[in-house]
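I have placed the structure first, in the form of structure tokens, so that the comments after it can refer back to it.
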Amino acid sequence: MFMVFLQTSYAVKNLVVKSALNKGLNHYIFAVYRNAIAALFFGPLAFFLERKVRPKMTISIFLKIMLLGLLEPVLDQNLFIAGMKFTTATFATAMYNIVPAITFVMAWIFRLEIVKLKSLHSQGKIIGTLVTIGGAMIMTLIRGPAIQFPWTNQHNLHHQTSVNSVSTHDQIKGSLMITSGCFSWAGFVIVQAIALKSYPAELSLTTLVCMIGALEGSILAVVAEGANASIWSIDWDVKLFAAIYSGIICSGSAYYISGVVMQERGPVFVTAFNPLGMVIIAILGSSILAEKLNMGSVLGAVVIVIGLYLVLWGKSKDTNQQDQELSINQQDYDGIKALTLKHNVVESCEKTSSGLEFV
């Protein structure tokens with residue numbers, strides 16, 4: 001239920017941000033405001049609710065937080081939004097379905113995911129990863145005819161944004177940006193899983209990541225935009241709403257919920273629900289923003305989903321096998337404990353009997 005909530009909030013966020021981009025939102029400034037708002041909102045909660053469980057800060061933990069702040073709040077958010085400017089919200093969301101496959105490979109490298117090459121379900125995860133990457137390439141390189149939905153009528157076609165008729169060059173450019181953002185997001189999930197082992201305070205980690213991300217993003221904005229002070233101004237419009245909504249729901253809440261779920265199910269499970277966001281954004285994007293889907297995007301998305309669920313099938317088999325092994329180990333432990341208790345009772349009785357015989 002947590003992951004369904006997150007995917008729904010991501011879909012709404014992409015629509016709001018896309019509308020704000022059409023009105024001139026600067027993605028560097030948006031990333032800074034978004035993470036600053038998240039840090040201000042969750043900071044007091046983390047301070048009071050986790051003051052007894054928050055571990056001591058060390059250099060190793062601080063470096064991990066610095067890396068987390070760079071990977072998602074800075075790199076992923078800026079690359080994703082910049083790529084969405086050249087494509088559509090639907091296309092960008094569909095491309096993010098390669099994140100579970102990338103996460104699986106990274107988790108395999110860092111030994112957070114079990115892979116046995118002779119095992120059928122491990123082979124399914126590897127094949128699913130390759131299929132997912134192939135689907136992303138189809139979405140990037142193949143366009144095909146446009147697909148009209150029943151709710152996309154001629155009345156709202158004039159509301160289409162200019163990115164619906166982008167050139168192939170812009171499509172590829174945007175795809176490369178979004179793909180780079182996918183790698184950053186997958187790396188963030190892996191580092192977060194590692195950081196939570198030494199810093200198991202989800203709210204505090206969320207606040208620190210957003211705070212560091214806002215600082216690093218400010219440096220990037222100054223370097224990229226120079227001394228242009230006008231870009232920092234923001235009005236009471238959809239751009240401000242996009243920053244507030246994205247900061248509280250899609251940064252702060254998302255990091256916290258992902259951390260909680262990750263400790264129970266692992267990093268691959270957290271990224272496994274991305275296709276749900278694709279379905280939601282396809283419906284909302286075509287009906288609200290009048291975005292068009294082309295055949296290449298639909299075909300690539302279907303291939304990505306097939307590959308993704310091959311990975312999920314292998315993951316579920318791994319989970320079942322681990323549960324069985326834990327159950328067997330627990331039974332063996334209980335059996336050994338019972339035998340040890342029985343042996344101690346027998347020894348105690350023998351000592352008592354010997355003592356009576358001596359008396």
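These values consider heavy atoms only, across backbone and side chains, with no hydrogens, waters or symmetry-generated copies.
The shortest non-hydrogen separation linking I65 to V209 is CG2-N, 4.1 Å. Nearest heavy atoms, V74 versus L220: CG1-CD2, 3.7 Å. Between G174 and T87 the shortest heavy-atom distance is CA-CG2, 4.3 Å. When all heavy atoms of C250 and S9 are compared, the pair lying nearest together is SG-O, 3.6 Å. G181 approaches D76 most closely through the heavy-atom pair O-OD1, 2.8 Å. A186 and V99 get closest at one heavy-atom pair: CB-O, 4.3 Å.
M211 and L75 end up in different hydrophobic clusters when Ile, Leu, Val, Met, Phe, Trp and Tyr side chains are linked at under 4.5 Å. Both I249 and L240 belong to a single network of hydrophobic side chains, linked directly or stepwise wherever heavy atoms of I, L, V, M, F, W or Y lie under 4.5 Å apart. Grouping the Ile, Leu, Val, Met, Phe, Trp and Tyr side chains by contacts below 4.5 angstrom, directly or via other members, places W313 apart from I98. Linking ILVMFWY side-chain heavy atoms closer than 4.5 Å, directly or via other members, places V53 and M262 in two distinct hydrophobic clusters. Linking ILVMFWY side-chain heavy atoms closer than 4.5 Å, directly or via other members, places M57 and I194 in a single hydrophobic cluster.
The CG atom of L6 sits 4.5 Å away from atom CD1 of I257, with the distance rounded to the nearest 0.5 Å. Here the CG-CG distance, from N35 to L215, works out to 10.0 Å after rounding to the nearest 0.5 Å. Summarising the geometry, atom CG belonging to L71 is positioned 6.5 Å from atom CG belonging to L68; distances are rounded to the nearest 0.5 Å. For the atom pair W232 CH2 and N26 CG, the distance stands at 8.5 Å (nearest 0.5 Å). We find the OG1-CZ distance between T103 and F183 to be 10.0 Å, quoted to the nearest 0.5 Å. Atoms CD and OG, on E72 and S184 in that order, are 8.5 Å from each other to the nearest 0.5 Å.
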Chi angles and distances behind the side chain to side chain contact (heavy atoms under 4.5 Å, CB included) call for S246, F30: CA-CA 9 Å; S246 300; F30 168 73; 3.4 Å; yes
Chi angles and distances behind the side chain to side chain contact (heavy atoms under 4.5 Å, CB included) call for M84, L21: CA-CA 9 Å; M84 190 162 57; L21 288 172; 4.0 Å; yes
CA sep, side-chain torsions, deciding dist, call: T8, F5, side chain to side chain contact (heavy atoms under 4.5 Å, CB included): CA-CA 5 Å; T8 304; F5 165 76; 5.8 Å; no
Does I172 form a side chain to side chain contact (heavy atoms under 4.5 Å, CB included) with F86? I'd like the steps, not just the answer. CA-CA 9 Å; I172 294 176; F86 292 101; over 6 Å; no
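Without hydrogens or angle criteria, S19 side chain to L15 main chain gives no donor-acceptor distance under 3.5 Å. S251 contributes no side-chain N or O that, together with a main-chain N or O of A38, makes up a donor-acceptor pair within less than 3.5 Å. The backbone N or O of P73 sits nowhere less than 3.5 Å from a side-chain atom of R34 that would complete a donor-acceptor pair. A donor-acceptor pair under 3.5 Å is formed between the side chain of E216 and the backbone N or O of L70. In terms of modelled atom types and a separation under 3.5 Å, the side chain of S253 and the main chain of I248 share a donor-acceptor contact.
Every residue meeting the side-chain contact (heavy atoms from CB on, under 4.5 Å) condition with S204, not counting sequence neighbours, appears here in chain and number order: A46, E50, R54, Y199, A201. For Y255, the ring-ring contact (aromatic ring centres under 6.0 Å, His included) partners two or more places apart in sequence, or in a different chain, are F188. Applying the side chain to side chain donor-acceptor pair (under 3.5 Å) test to Q263 and every residue at least two apart in sequence or in another chain returns nothing.
Looking at heavy atoms from C-beta onward, L49 lies out of side-chain contact with F42 at the 4.5 angstrom threshold. Looking at Y256 and L205, their side chains never come closer than 4.5 Å, going by heavy atoms from C-beta outward. With contacts defined as side-chain heavy-atom distances shorter than 4.5 Å, the pair V261/M3 qualifies. V12 is listed as a side-chain neighbour of V16, based on a closest heavy-atom distance under 4.5 Å.
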